[in-house]
Amino acid sequence: MLDLAKKCRVAVVQMAPVMFDKDATLQKCVDLIKKAGREKADLIVLPELIIPCYPFGMTFGFTVGSRKEPGREDWKRYYDGSIVVPGKETEVLGKAAKKAKAYVSIGVSERDAVTGTLYNSNIIFAPDGSIAALHRKLKPTGAERFVWGDADRACFPVVESPWGPIGNLICWESYMPLARVALYEKGVTLLISCNTNDNPEWQATIQHIALEGRCYYINCDQFFTRDMYPADLNGKDEVAKLPDIVCRGGSCVIDPFGHYVTEPVWDKETIIYADLDMDKVPASRMEFDACGHYSRPDVLQLNVVDK
């Protein structure tokens, strides 16, 4: 491990999108990036699929063996809100990152410029405004497969930073043991997870991962309510069945010993700031290093196809 800068100031942005509205959500993200930049954040993290939204509870008319046209109209609306990477939206986000002088991580619905397939993707911008990494979710979870495709590239990118390699796992990718190991093998010191997991069991999972990977785990969730959905969706009957608070949040930061640096925040939009002591990362690996001195590569090996 190379020498790490001693301190990293992280801003975890727990926010709601302007649902299905790409342009308005983009502007909201830019405003929050600027706000975190004014607080001297080194790394600014925004949630999963914040552009244009996470369409929780919607089926888009899919049933086994058939589709419904009103659902297809809602899906096309979501498609129109998804972004091409790189594209005009990433130019705007890159400029915001540059102005903030920070690394910026953000989850988007990415639209492939050639095929039109949608991907659940995470982008990390460097402080100069360039795209430092693009990661597509390996396997959409459950009915997410109706909307987004499996990653066809950009499987396990990391960004070299003054605080060590920054990696990303989107939502339930964190439950995939081999995906975690693929990042541990790259030496991640900061592991970002943008997600929509507001269940209490998730907190146990992420504490374990921080302890297992001997890294800081940055858990960034959305907060949004039922009344934020557009009233003119064809799937409004599905939306009507949702609870008042659809996603409660629970964003937090966990240290390499599995302890909360910041406790989970529930039921509101906020920016969580944490000043990370990066000396804890190498110190935590004294007695355990999953892919180093505590590994047995002579009996256990992982073959990663990292395109």
Side-chain angles (χ1 to χ4, degrees), residues 4-18 22-54 83 89-108 121-135 159 161-164 166-168 170 189-196 206 215-224 247-255 260-278:
L4 307 179
K6 296 294 186 182
K7 300 292 181 183
C8 179
R9 183 164 173 77
V10 177
V12 185
V13 181
Q14 181 164 289
M15 62 176 291
V18 182
K22 173 179 60 179
D23 294 335
T25 302
L26 175 64
Q27 185 58 56
K28 184 174 181 179
C29 291
V30 167
D31 290 343
L32 290 168
I33 291 168
K34 290 178 179 178
K35 182 177 181 180
R38 289 193 293 270
E39 294 297 324
K40 307 300 183 184
D42 299 306
L43 172 61
I44 303 168
V45 181
L46 289 83
E48 175 188 22
L49 291 168
I50 197 64
I51 299 175
C53 66
Y54 186 84
I83 70 171
E89 291 82 13
T90 59
E91 288 181 10
V92 172
L93 291 165
K95 288 178 181 177
K98 186 174 183 178
K99 185 170 184 177
K101 300 178 182 178
Y103 291 86
V104 173
S105 168
I106 183 170
V108 303
S121 298
N122 191 83
I123 310 167
I124 299 179
F125 294 89
D128 65 2
S130 64
I131 294 176
L134 170 69
H135 169 57
V159 175
S161 79
W163 313 281
I166 302 172
N168 172 259
I170 300 170
T189 56
L190 297 166
L191 181 50
I192 294 169
S193 179
C194 52
N195 65 85
T196 51
I206 62 181
C215 57
Y216 280 99
Y217 193 100
I218 301 165
N219 180 54
C220 185
D221 204 338
Q222 291 193 32
F223 165 77
F224 61 97
C247 188
R248 296 187 58 212
S251 301
C252 57
V253 180
I254 300 172
D255 76 11
Y260 285 115
V261 179
T262 64
E263 294 284 334
V265 176
W266 305 100
D267 300 329
K268 65 179 181 179
E269 293 187 85
T270 189
I271 301 179
I272 302 164
Y273 295 97
D275 294 303
L276 308 186
D277 177 2
M278 296 308 299

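For this chain, numbers begin at 1 and follow the sequence in order. Everything numeric here is computed off the predicted structure, so don't read it as measured data.
- By the salt bridge (Lys or Arg N to Asp or Glu O under 4.0 Å) test, D277 is found to be paired with no residue, residues two or more places apart in sequence or in another chain being considered.
- The closest side-chain heavy-atom distance from F223 to T270 is not below 4.5 Å.
- Residues satisfying the side-chain contact (heavy atoms from CB on, under 4.5 Å) criterion with K22, sequence neighbours excluded, are I51, I83, E89.
- Expressed to the nearest 0.5 Å, how far CD1 of I50 lies from CG of L26 amounts to 11.5 Å.
- Between L191 atom CG and Y217 atom OH the span is 6.0 Å, to the nearest 0.5 Å.
- When L46, V13, I44, V12 are each tested for a side chain to side chain contact (heavy atoms under 4.5 Å, CB included) with I271, only one passes: V13.
- S161 meets the side-chain contact (heavy atoms from CB on, under 4.5 Å) test with Y103, W163, I166; sequence neighbours excluded.
- Under the side chain to side chain donor-acceptor pair (under 3.5 Å) criterion, N219 pairs with N195, W202, sequence neighbours left out.
- Within the 4.5 Å cutoff, side-chain heavy atoms of I218 are placed close to those of V10.
- A search for side chain to side chain donor-acceptor pair (under 3.5 Å) contacts involving K6 returns D279, not counting sequence neighbours.
- Side-chain contact between V45 and S105 is present, with at least one heavy-atom pair separated by less than 4.5 Å.
- In this structure, the side chains of C53 and T25 stay at 4.5 Å or more apart for every pair of heavy atoms.
- A16 meets the side-chain contact (heavy atoms from CB on, under 4.5 Å) test with K28, F224, M228, E269; sequence neighbours excluded.
- Residues satisfying the salt bridge (Lys or Arg N to Asp or Glu O under 4.0 Å) criterion with K99, sequence neighbours excluded, are absent altogether.
- With values rounded to the nearest 0.5 angstrom, K98 atom NZ is found 9.5 Å from K95 atom NZ.
- With hydrogens and angles ignored, the 3.5 Å screen pairs a side-chain donor or acceptor of E48 with a backbone N or O of T196.
- In this structure, the side chain of N168 engages the main chain of I192 through a donor-acceptor pair within 3.5 Å.
- Partners of Q27 under the side chain to side chain donor-acceptor pair (under 3.5 Å) rule, at least two apart in sequence or in another chain, are D31.
- In this structure, CD1 on I131 lies 4.0 Å from OG1 on T90, to the nearest 0.5 angstrom.
- The closest donor-acceptor contact from the side chain of Q14 to the backbone of V265 lies under 3.5 Å.
- For T262, the side-chain contact (heavy atoms from CB on, under 4.5 Å) partners are C252, V253, I272, A274, not counting sequence neighbours.
- T189 meets the side chain to side chain donor-acceptor pair (under 3.5 Å) test with no other residue; sequence neighbours excluded.
- Looking only at side-chain heavy atoms (C-beta outward), P162 and M278 stay at 4.5 Å or farther from each other.
- Taking the salt bridge (Lys or Arg N to Asp or Glu O under 4.0 Å) definition, one finds that D42 meets it with nothing, sequence neighbours left out.
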